[in-house]
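Have a look at the structure below, then the notes.
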Amino acid sequence: MAGLPPHACFDIIGDIHGYAEDLEVLLGRLGYRDRDGAYRHPDGERRVVFLGDFIDRGPDILRVLKIVRDMIEAGTAYAVLGNHEFNAIAYATRHDGRYLREHTPGHERQHRHTLEQLGGLAVQDSWLDWFRTLPPYLANDELRVVHACWDPWAVEVMDEALSRHGGMTDAFMTEALPLDQNSALYMAVEWLLKGKEIPLPNGYAPVADKEGIRRSKIRVRWFGLPPRPTYPEMVFPASSTTDLPTVPVPDEALCALRLPGNAYPAAAPPVFFGHYWLTGEVAVQTPNAVCLDYSVARVGKLVACTWRRGEPITAASFTASR
Ligand SMILES: [Mn+2]
């Protein structure tokens with residue numbers, strides 16, 4: 001288990017995507033001040049946990065990375081890896097004459113801002129090495145943190161692979177991204193960093209995502225699921241694909257995701273995650289599942305949740321940058 005030290009108070013911050021100004025406003029509102037080379041809180045027990053997805057899309061990627069890294073090195077923050085950082089490593093990793101993340105026009109478009117702002121491939125290398133040091137999840141007895149989805153099987157597969165490879169090495173990356181996309185580690189990375197998806201029901205045309213790419217799968221909840229969920233009960237966020245039929249999701253689709261068996265238990269410690277481009281009012285998904293990605297890169301806001309030992313998460317726990 002990737003251990004999170006047991007501090008009495010954590011400020012958990014969602015996906016930043018290069019929006020350094022929002023990050024600085026939010027840290028300020030939470031009471032952190034930039035001194036001696038890093039943001040620190042006057043309450044010495046208070047720490048930030050970042051949910052990953054620091055890069056791509058926004059105007060100040062390098063500044064975001066520096067703020068986050070300086071805080072981690074000063075011991076005032078922790079961070080987990082996001083799918084965008086994982087993709088950046090894969091984009092630069094070659095195996096058997098191919099890049100593990102192909103250099104297609106779509107992928108190039110996604111990475112262009114990051115490559116430009118980090119000064120091209122050569123300078124990017126040191127940042128990629130740093131990305132490899134970020135854990136895919138963090139947990140202690142009181143809370144859990146992951147970029148997209150908590151699944152106990154995926155956590156176990158991830159732990160085993162990281163310990164066998166000695167970290168996120170090229171060999172780890174190759175096992176995680178086989179050509180046929182058929183490895184336990186591939187699935188574990190998908191779930192932890194990108195979440196769980198099911199195919200659209202028969203007869204439904206592919207739906208365009210926020211980048212205009214037509215997708216034949218929909219992102220689904222992995223928390224607060226009824227025993228026989230219907231499509232509208234499962235799609236997440238609920239607003240992302242409307243007009244789904246009110247029929248149960250087929251067993252095969254659920255089984256493939258280890259759901260609802262591995263759905264997040266109501267009695268487990270609170271889990272914090274990002275990734276899902278939520279919009280609207282900030283709220284918890286269930287009393288112990290809290291998504292903190294409110295689409296700062298798409299006219300949304302950067303959001304933090306302040307967790308304090310022994311206190312429930314309420315509306316007053318949230319702070320936003322805008
Ligand atoms: Mn993400």
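Order of listing sets the numbers, starting from 1, for every ligand and every atom in it.
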Is the backbone of Ile198 close enough, under 3.5 Å, to the side chain of Lys217 for a donor and an acceptor to pair up by distance? no
ring-ring contact (aromatic ring centres under 6.0 Å, His included) between Trp222 and Phe273, intermediate numbers included: CA-CA 12 Å; Trp222 44 270; Phe273 56 100; 4.7 Å; yes
Is the His103 ring parallel, tilted or perpendicular to the Tyr91 ring (thresholds 30°, 60°)? parallel
Which protein atoms of type N, O or S are found under 2.8 Å from the Mn ion (ligand 1)? Asp53 OD2, Asn83 OD1, His147 NE2, His275 ND1
Check the orientation of Phe131 and Trp127. Use parallel for under 30°, tilted for 30 to 60°, and perpendicular for over 60°. tilted
Side-chain donor-acceptor contacts of residues 21-29 below 3.5 Å, not counting sequence neighbours, with atom names and distances?
residue : atom : partner : partner atom : Å
Asp22   : OD1  : Arg322  : NH2          : 3.1
Asp22   : OD2  : Ser321  : OG           : 2.6
Asp22   : OD2  : Arg322  : NE           : 2.7
Glu24   : OE1  : Arg63   : NH2          : 2.6
Glu24   : OE2  : Tyr39   : OH           : 3.0
Arg29   : NH1  : Ala320  : O            : 2.8
Arg29   : NH1  : Ser321  : O            : 3.4

Return the orientation label for the His165 and Phe172 ring planes: parallel under 30°, perpendicular over 60°, tilted otherwise. perpendicular
